[in-house]
Amino acid sequence: MPTQELPKQYRPGEHESRIWERWLASGAFHADPSRVLGGQAAPYAILIPPPNVTDRLHLGHALNNTLQDILARRARMQGFETLWMPGTDHAGIATQAVVEKRVYAEEKKRRGDFTRDAFVARIQAFKDEYEAVITGQLQKMGCSCDWERQRFTMDDQCAKAVREAFFRLFRDGLIYRGKRLVNWDPALQTAVADDECFDEEVDSFFYYLRYPLVHKGGEKPQSVDDAVPVTWNELARRGYPGAEHQPGETQAWVTVATTRPETYLGDVAVAINPHDPRAAALRGLHVELPLVGRVIPILEDSYVVLPEAMARTDEEKNDPKAKFATGFLKVTPAHDQNDYEIGQRHKAEIEGAGHAVLINVMAPDASISDNHGWTDVNDAKIFVGLTREDARAKVVAEFKSRGWLEAQRPYRHSIKHSDRTKAVVEPYLSDQWYVRVTDPRLAQAANRALHDKDLAFHPDRYAKTFEQWHENIRDWCISRQLWWGHRIPVWSSSAFFSESLELQLDQWKSESKIDFGIVDRLGGQFATHMSATTSVCVRPGNDDVEKRLVEMGFTQDPDVLDTWFSSALWPLSTLGWPGDTPELAAFNPTSTLCTAREIITLWVSRMVMFNRYLHGEGQGHGPVPFRDVFIHAVIQDGQGQKMSKSLGNGVDPLDIIASHGADAMRFTLCHMTTQTQDVRMPVDLVCPHTDDTFTPKYITTKDGYVVQAPIQESPRDKSKKMVTVYGVASGETKATPDMPLAKNTSAKFDLGRNFANKLWNAARFAMGILANAAGDAPAVIDPRELSLPDRWMLSRLHDAVTSADQALKSFEFSVYAQVVYDILWRDFCDWYLEAIKPSVAADPRQQRVLAAVLDAILRLLHPIMPFVTESIYEQVRSLPRAQIRGLTLREPGRDGLLCTAGWPLCDASLANADAAAEFERVRGLVTAIREVRATQNVHAKRLVTLHVPAARMDALLAHESLVAGLCQLGQVTTQRADGVSATFTFEAAEFGLSNLADAVDAGAEVERLTRQIEDLDKAIKTLGGRLSNESYVAKAPPKLVQETKDQLAKAMAEREAAAAALGRLAPSK
RNA sequence: GGGCGGGUAGCUCAACCGGCUAGAGCGCUCGCCUUACACGCGAGAGGUUCGGGGUUCGAAUCCCCGCCUGCCCA
């Protein structure tokens, strides 16, 4: 295409899809493990953090994937066999919830109206839809993934890995069944997820219950008779504040405050804050639960809220619970999440008192029951069988009648309810599966990777997050009461086994088809007696065994695995594990993982543990899944709120690609990725009716978030409306033909758009020169033979490549963006192109340098702006070339594509300090002349005359035409300017400019010179002050002192020259 | 409660080991449609580096105290 026909602006939409097709057709992104295994290339692999199929990607994902693509493309150009593995995550809870909502909204049907298989099919269809959307988004962004290898965490290959991993962990005793509190809907008798609940304020009461104090009896404390009452007199002796005011010889008590008195049946302790003045006096004492007779310890735990009167700080005083608190908290671990944690923290003390930490006093329908873990019922049998509401009334009545109810105060608070049934959600103990990550082969193995330097975080402070997580890790609950996910591969039976059945199971076990795990909390490994359950895990690929088990009366666990279980296997499953595949051999361990902070514990940690446990020699000694983990910033909206689906403030990358282009988006995102800061992204809307960009109206949600109002008016025509992403996401509005969805945009991306455009035009200009140029140049050019601008440009190129290499090596993405910005715009466009304009048409060698430098810059920019660079490269490639000694530009490997060309390599010989210094002088002089021209309003085209002090003429002569071209000089002379002229100082000498105009604005000159003198005076004062400080001269490094002296001398000389010029202009001053 | 960040120009962010008159982009002011680019060119204005103490010849940078703010884990 002739250059003249290239449009003046780079229009991304005209290039992106064509370039994408060329890339795909070339197979450039497809990795070949055999090249690694055959030793022809070193591997470089990145695993995509698989996005949830729940929703479209937003700008946070765009950032995440841009960074990965930059790393992948550069590695590919550097000659690594590069695999960027793409895929998506099934995101169990989130996806199922989204589909349930959608199905209800559209068909008014609930999950229970479908069979499990039918409903899973609906989710599957939803997943297919969003997987396609996400893939499209990534491809539009230019992501150079190996698309032929795309995976999904629930596809067959990943499912096999999940089954095998579960089997091995189960077999090795690292998976067990245990109890945990879940949100329980007693009406449906099922667990519900957090996002299936809503909070609602209800009017209720705080009840104040008195528990009598006792000394625990002998070795069998559960025997009520052994407990000895504690009297107020005794408490007074122990220093209990206020005890002396109580009737001395009667039994003392403590008062707990609770909103749920019926749960007292399951209390296992009473807790007090260690800072409570009463704590010391109570140490070692117990209380006896009324009617139940259970003797339970008094614990000290700082979770307990101090009553208002004892609060030590305003913060404590302002705790809303402080008004109601007594300082004593009943601890019911089986019926309250916070109490559960207190129970875990004080396990030993509670068990030391002779009973379990978890005492469940309810049946699944939330009625009081002694069949689900409660044994010491005693006189409390009067409550058994009551509903939780009736039980509450009766507990209160019983306490009251015995004088144990101290008070009852109205209290309004919010309570969790089930979406479906509106029933109050009950924290309820249920059976769950766990991975014993506390085993040293898992958690410790992960930390060892850090200490052995097999694994590194960037920035490295995140290593601490990783390390501390593993040090404090708790076993991982992996079961979820959902339908969407990997079904737990365990079949159980509580039946009595015949001998032949046992033989059959043993046979399968010996063939490694199944394994027995830890069966249940009773701990039986083998269950051949009635009360226990036998659970077997079936290895993948034994469908016949599964079938037979069902025939024998076994049923498969209905739960599915936590999504993170399959994500944790991502480095293995995507590469074909448990198969012995070339991909696995070539690319695991992978090279770099790019992700966000909160993922360190959720995902990074688990991948490290599983890879080390399951791969290679395994058992915690296997390889790490990746060597470097880069943690990048979080993109917030304009208000500093994190982008999220629920807030509806996520910006679709396709919107930005539409307004600015993919390259502009990528460049800007990369430019924002500094090491410490999260980034804010204020967005505007594009009116779908008029294409105007405008700032939307905002509203504050009831939760206090600031979001775009659901409906917006067109700025030019108020009658035209549109809806926002928030409006749709919140369900408040819907897009219609009259009211379409408005796209987002942000002026932030102008940076990248302008930069892409600058590159486009620089290339357009260079092509214009080079396409028409004639003349022969040597095939090999030695930089030493070149002109100053050429030598300088090559030296700058060397510096830029070195800096870019360093920046990317240390994952400093914004530095990389900065470096390429400066080399292209500041160096290549502002100075180099301007400098060679007069000479390049007639200088074939300079033409070769121009072509080579442009080519090198395209390569340097390709990872961050792949589309525009590839488009330009289509033409640059065909230019006549010469080898510039010291600069290596390897030819493309496939189809002439830049994405397969070599990363620029600059020999140290290209660095040229002399050329840099010399060019810097030219630049200084040019800038000084331009400043005078600007002050004097000299027209851009007017050629002015430069008057040079005779002593400086020789130095200048060599670069006269260069300077002349850069600031429109007509003549250069050693004669003094007479008549209409201006003066300026450069390198402490006085220069003149004439022929500026018909008259010189003396006032402007005086102002400029005066300002200059003021600046110099300031500098002289600073520098002089530094030198007059004896300690500075004595203690600072001599080099620095000398530097200061030189600077001072120069400033003083400049000041003198400027003052002289000023004196001539305005002798009176 | 534990851990990790941030507070620098009107805005968004830089500033390596403590050392350049604290930089860049946007915005602003002035002049230019200078045949690559007005998504541009040239020239400018703009900062008590959150507050207070300390260490040092020298502090945006290190230490202590305080204030504000974000995130992760519990």
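Convention: sequence-line order gives letters A, B, ...; per-chain numbering from 1.
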Undergrad: OP1 or OP2 of B:C72 versus the side-chain N and O atoms of A:T465: is any pair under 4.0 Å?
TA: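 It does not, given that no N or O in the side chain of A:T465 lies less than 4.0 Å from OP1 or OP2 of B:C72.
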Undergrad: Would you say A:W825 reaches B:C41's phosphate, i.e. side-chain N/O to OP1/OP2 under 4.0 Å?
TA: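 Yes.
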Undergrad: Searching all strands shown, indicate the nucleotide that pairs with B:G70 (Watson-Crick or G-U wobble; both distances under 3.5 Å).
TA: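 Paired with B:G70, as far as the under-3.5 Å criterion goes, is B:C4.
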Undergrad: For B:A36, does the base pair up with any side-chain atom of A:E834 as donor and acceptor (N or O, under 3.5 Å, distance only)?
TA: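 In this structure, the two groups form a donor-acceptor pair.
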Undergrad: What distance do A:L850 atom CG and A:L833 atom CG have between them, rounded to the nearest 0.5 Å?
TA: 6.5 Å
Undergrad: Can you tell me how far C1' of B:C37 sits from CD1 of A:I769, to the nearest Å?
TA: 13 Å
Undergrad: Base, sugar-phosphate, or nothing: which does A:A934 touch, judged by heavy atoms less than 4.0 Å apart?
TA: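 Result for A:A934 = sugar-phosphate.
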Undergrad: Quick one: are the ring centres of A:Y10 and A:H15 less than 6.0 Å apart?
TA: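 Yes - the distance between ring centres of A:Y10 and A:H15 falls below the 6.0 Å cut-off.
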Undergrad: Reckon A:F755 touches a base, only the sugar-phosphate, or nothing at all at heavy-atom distances under 4.0 Å?
TA: nothing
Undergrad: Do the side chains of A:E987 and A:R921 get close enough for a salt bridge, i.e. N-O under 4.0 angstrom?
TA: yes
Undergrad: With distance as the sole criterion, is a donor-acceptor pair present between the side chains of A:T601 and A:W469 under 3.5 Å?
TA: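 Their side chains do not contain a donor-acceptor pair, so the 3.5 Å distance test is not met.
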Undergrad: Closest approach to the side chain of A:E931, judged atom by atom: which nucleotide of B:G19, B:A38, B:A43 is it?
TA: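 Nearest listed nucleotide: B:A43.
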Undergrad: Has the side chain of A:E598 got a donor or acceptor that lies under 3.5 Å from a partner of the other kind on the base of B:C72?
TA: no
Undergrad: Pull up the glycosidic torsion of B:C17 and say syn or anti, syn being anything within 90° of 0.
TA: syn
Undergrad: Side-chain donor or acceptor of A:K758 under 3.5 Å from a matching atom on the base of B:C37?
TA: yes
